[in-house]
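Working notes for the structure below.
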Amino acid sequence: MPELPEVETTRRGIEPHIQGCTIAQVIVRNPRLRWPVPDNIDRMLSGKTIQTITRRAKYLLLDTGSGHLIVHLGMSGSLRVLESPAPAGKHDHVDIVMTNGVRLRYTDPRRFGALLWSEDALDDHVLLKHLGPEPLAPPDTQNTATFTAERLYQMSRGKKQAVKTFIMDNKVVVGVGNIYASEALFHAGIRPDRACGTISRNRYKRLIDCIRETLSKAIADGGTTLRDFVGGDGRPGYFKQSLAVYGREGELCLRCGAIIKEIKLGNRSSCYCSRCQR
DNA sequence: AAATCTCCCTGTAGGC
DNA sequence: TGCCTACAGGGAGATT
């Protein structure tokens with residue numbers, strides 16, 4: 001399921017195939033995603049050239065020079081490059097056809113994703129303007145608007161919220177979903193239900209290192225494929241075999257051998273080792 | 001104001 | 001060709 005590493009894997013997979021391509025046509029088979037695909041999207045995109053493909057949080061941004069296509073993969077979405085037409089399956093909702101015949105195909109069984117068109121500056125877009133810092137951007141210790149231990153420390157003071165839901169909050173840091181929050185907390189030795197306001201600067205420093213390391217390794221492995229996810233080349237990711245706690249409730253901790261526990265936090269399952277994580 | 005809950009959706013797993 | 005329910009999850013919006 002697409003978290004930051006899966007979105008970045010997708011970005012890297014499609015970029016070499018579609019950067020510089022001119023869009024001939026957008027075929028919308030089913031516009032009913034999280035928000036409706038705008039019915040003018042074919043008119044807005046046709047004839048425009050894809051200049052860059054960037055990522056902000058879990059959003060992919062295709063810049064045409066006069067407006068952006070904003071893509072979110074939801075939890076079961078994928079974007080693949082097809083070098084030639086192929087029959088559309090049940091969940092292949094949108095094809096973006098290039099003038100050279102290459103297609104960018106959006107597939108999303110659960111339709112939690114989105115394809116939106118924005119002519120405004122992206123900094124002002126309602127979905128993007130309140131987002132916190134990127135976890136993998138170069139840290140700037142002088143700037144608390146970047147992902148630093150000082151930021152987490154300051155934002156968490158006086159809060160009783162569980163640290164796991166805290167780091168999954170997009171205003172705190174973006175791109176950390178349920179899988180990688182669980183994994184990073186394990187590697188940092190912090191219980192997911194610990195009140196975020198009781199965690200020291202030093203432990204936040206360690207947590208930040210672990211979040212960066214977990215996300216980076218997952219990107220290097222092509223993301224985590226649990227069921228649906230495929231990268232831009234249609235291949236699954238291989239990080240699943242590196243998961244230490246996520247989805248391992250009842251199994252043994254790889255570090256100490258204790259049984260991995262599962263609790264619900266914010267209606268989301270959270271797995272942890274009660275011996276390694278405090 | 002902060003924290004928690006609900007909802008959108010559908011494929012899959014598990015119980016019977 | 002079994003039917004039914006619970007569950008998974010990102011994140012906006014509602015509620016407590």
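Lettering follows sequence order; numbering is per chain, from 1.
Considering only side-chain N and O atoms, A:Lys58 lies under 4.0 angstrom from the phosphate OP1 or OP2 of C:dG11. The phosphate of B:dA3 has neither OP1 nor OP2 within less than 4.0 Å of any side-chain N or O from A:Lys164. Taking side-chain N and O atoms only, A:His72 has a distance below 4.0 Å to OP1 or OP2 of C:dG11. The shortest distance between the side-chain N/O atoms of A:Lys159 and the OP1/OP2 oxygens of B:dA1 is not below 4.0 Å. Distances shorter than 4.0 Å separate none of the side-chain N or O atoms of A:His130 from OP1 or OP2 on C:dG11.
Side-chain contact check for A:Lys58 and A:Asn170: no donor-acceptor pair (N or O, by modelled atom type) lies under 3.5 Å.
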What pairs of nitrogen or oxygen atoms, one from the protein and one from nucleotides 12-16 of chain C, lie under 3.5 Å apart?
| unit_1 | atom_1 | unit_2 | atom_2 | d |
| --- | --- | --- | --- | --- |
| C:dA12 | O4' | A:Arg34 | NH2 | 3.1 |

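Hydrophobic side-chain contacts under 4.5 Å tie A:Tyr272 into a cluster, directly or through other members, with A:Ile263, A:Leu265. Hydrophobic side-chain contacts under 4.5 Å tie A:Leu252 into a cluster, directly or through other members, with A:Ile259.
Five base pairs at each end of the helix from B:dA2-C:dT16 to B:dC16-C:dG2 define two local axes, and these are offset by 60° (rounded to 10°).
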Side-chain donor-acceptor pairs under 3.5 Å in residues 147-155 of chain A, sequence neighbours left out?
| unit_1 | atom_1 | unit_2 | atom_2 | d |
| --- | --- | --- | --- | --- |
| A:Thr148 | OG1 | A:Arg151 | N | 3.1 |
| A:Glu150 | OE1 | A:Arg201 | NE | 2.8 |
| A:Glu150 | OE2 | A:Gln154 | NE2 | 2.7 |
| A:Glu150 | OE2 | A:Arg201 | NH2 | 3.4 |
| A:Arg151 | NE | A:Val172 | O | 2.9 |
| A:Arg151 | NH1 | A:Thr144 | O | 3.1 |
| A:Arg151 | NH2 | A:Lys171 | O | 2.7 |

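For A:His72, the ring pair (Phe, Tyr, Trp, His ring centres under 6.0 Å) test picks out A:Tyr59, with sequence neighbours left out.
Judged by distance alone with a 3.5 Å cut-off, no donor-acceptor contact links the side chain of A:Arg110 to the base of C:dG10.
Put simply, CD on A:Glu249 is 8 Å from P on C:dA8, counting in whole angstrom units. Straight-line distance from the CD1 atom of A:Ile167 to the P atom of C:dG10: 12 Å, rounded to whole Å. Regarding A:Leu73, its CG atom lies at a distance of 21 Å from the P atom of C:dA8, rounded to whole Å.
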